[in-house]
Amino acid sequence: MIRLSRWGKASYESPESVTSQKRALSEVVDVVLDDSDAEIVIVHSKMRIGPSEIDRMPSAQLIVTTTSGYEHMDIEALHAKGIRTLRMPLLRRDAVVDTALGLILSGMRRLHLFKSAASQNDWVRASLPNIQPLSFRGLTVGIVGCGVIGQHMITVLSQLGAQIVAYDPKGVPDGVTKATGIMDLATRVQVLSLHCDLNPTSANIVSKEVIFALPKGALLVNTARGGLVDEQAALEALSMGHLSYLGLDVFASEPYLDLDVVNRIPNLDLLPHAAGFHQNLLVDMQVQLVAICTAFVQCRALPYEVFRNS
């Protein structure tokens, strides 16, 4: 019987949820001890899979990361050993889009200004023309990354009336305005939302130069991967008034150690890498992992397989 091992555990997984997942998986595979050799290995985003880890799993045939991103796995080294790799972008897609929309809405509707005014017992209705809350209709939103999550974000924003300009070296969906590069995108949008993976070509893609190429008053939101944005430059642009809002869910180094900066900058939202979590996450994860393992055992096609240079 094909064996399965879990390597690592997400901080939000309880012992009960892990036990339930293993019990469900044991119906289709032989679940062995965590961090042991097996034909199927399940990992998460904080579990690095490089040459040394690969050497510890000589029987591995399939690595499944429960995340959309896969920068924590050495794809070249895995494929050199003949190990297939799989990601699970649908697991968190809707929650990430919900969170990105929530952050954008917080900034464009100027909710931080209303909260600040209310805390001072100030009824600012007469100041609405100066506060200028924005609507999605007629707003130009830039999307970086048009994969599973980025495409869903484009669909939802389009339904809300936003104009979309997108950038992705792999191509953008039909009917979507395409930017020629990240700088071209930055100069054309009022909101920039990131939905790409982290790789050598996308690291620090939203650099200081890009941030200050955005029009004054722009909003910047990152629910994708830490390391895509120059965080210090973004905070600088926010404090200078160049950005009107900054929403970050992911950081180059986690946990982010300066969370209390939000007390000094009201138009800043910092989340603890929470965008993908939702009330059904662990149940959905279990269901999808069982489906993946069943397909593998039955030699059927696997969804969202990662290939070299993909």
Side-chain angles (χ1 to χ4, degrees), residues 10-12 45-46 67-69 71-72 92-113 115-116 134 139 141-145 147 149-150 152-153 156-157 167 182 185-186 189-199 202-278:
S11 58
Y12 50 75
S45 63
K46 299 303 180 186
T67 56
S68 179
E71 71 278 358
H72 53 293
R92 296 173 174 81
R93 183 197 68 177
D94 293 354
V96 170
V97 169
D98 290 347
T99 302
L101 288 172
L103 292 172
I104 293 170
L105 280 165
S106 178
M108 61 185 269
R109 298 304 300 168
R110 318 304 195 200
L111 300 188
H112 61 282
L113 293 177
K115 182 176 181 179
S116 177
L134 303 175
L139 196 70
V141 180
I143 300 295
V144 180
I149 295 174
H152 190 53
M153 185 72 173
V156 174
L157 285 169
Y167 171 64
I182 188 65
L185 181 67
V189 302
Q190 297 155 283
V191 178
L192 187 60
S193 186
L194 305 184
H195 301 282
C196 57
D197 61 344
L198 179 64
N199 59 60
S202 66
N204 203 43
I205 190 170
V206 182
S207 63
K208 183 173 184 176
E209 183 182 18
V210 170
I211 291 168
F212 282 92
L214 290 163
K216 184 176 173 60
L219 290 72
L220 174 58
V221 168
N222 184 16
T223 55
R225 280 290 181 262
L228 297 173
V229 175
D230 183 331
E231 296 162 5
Q232 290 307 309
L235 288 169
E236 178 186 345
L238 191 65
S239 64
M240 293 172 58
H242 183 76
L243 292 178
S244 67
Y245 175 80
L246 176 62
L248 300 176
D249 175 61
V250 287
F251 306 87
S253 178
E254 297 182 3
Y256 187 68
L257 299 179
D258 193 23
L259 291 174
D260 66 349
V261 69
V262 298
N263 293 319
R264 306 189 298 273
I265 308 177
N267 50 338
L268 170 67
D269 282 320
L270 303 179
L271 310 183
H273 203 141
F277 192 87
H278 54 91

Starting at OH of Y245, measure out to CG of L111 and round the result to the nearest 0.5 Å. 8.5 Å
What's the separation between atom NE2 in H195 and atom CD1 in I149, rounded to the nearest 0.5 Å? 8.0 Å
Apply the side chain to side chain contact (heavy atoms under 4.5 Å, CB included) test between L246 and each candidate in I265, V221, L238, L270; give the one that qualifies. L238
Any salt bridge (charged side-chain N to carboxylate O under 4.0 Å, His left out) pairs touching residues 256-267, not counting sequence neighbours? D258-R264, D260-R264
Residue pairs, two or more places apart or on separate chains, that pass salt bridge (charged side-chain N to carboxylate O under 4.0 Å, His left out) and touch residues 233-242: K208-E236
Does a side-chain heavy-atom distance below 4.5 Å link [X] with [Y]?
X: D249; Y: H273; answer: yes
X: L157; Y: I143; answer: yes
X: Y167; Y: I205; answer: yes
X: N199; Y: E71; answer: no
X: V189; Y: V141; answer: no
X: R110; Y: N267; answer: no

Counterpart residues, side chain to side chain donor-acceptor pair (under 3.5 Å), relative to [X] (two or more places apart):
X: K216; result: none
X: E209; result: none
X: H112; result: none

Provide the closest heavy-atom pair for [X] versus [Y] in the form atom of the first, atom of the second, distance.
X: G217; Y: S244; answer: O-OG, 2.7 Å
X: E231; Y: A252; answer: OE2-N, 2.7 Å
X: A224; Y: C196; answer: CB-O, 3.4 Å

Would the distance check show the side chain of S202 and the main-chain N or O of D197 forming a donor-acceptor pair, the cut-off being under 3.5 Å? yes
Any donor-acceptor pair under 3.5 Å linking the side chain of N204 with the backbone of L228?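 No; judged by distance alone, with no hydrogens or angles, the pair does not exist.
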Excluding sequence neighbours, so at least two apart, what forms side chain to side chain contact (heavy atoms under 4.5 Å, CB included) with [X]?
X: K115; answer: none
X: D94; answer: H152
X: T67; answer: S45, T65, H72, R92, R225
X: V206; answer: L192, L194, V210, I211, L220, V229

Kindly state each residue pair satisfying ring pair (Phe, Tyr, Trp, His ring centres under 6.0 Å) with at least one member in residues 248-267, sequence neighbours excluded.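 Only F251-Y256 qualify under ring pair (Phe, Tyr, Trp, His ring centres under 6.0 Å).
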Which donor-acceptor pairs under 3.5 Å do side chains of residues 95-108 form with protein atoms, sequence neighbours excluded?
unit_1 : atom_1 : unit_2 : atom_2 : d
T99    : OG1    : A95    : O      : 2.9
T99    : OG1    : A275   : O      : 3.2
S106   : OG     : D269   : OD2    : 3.3

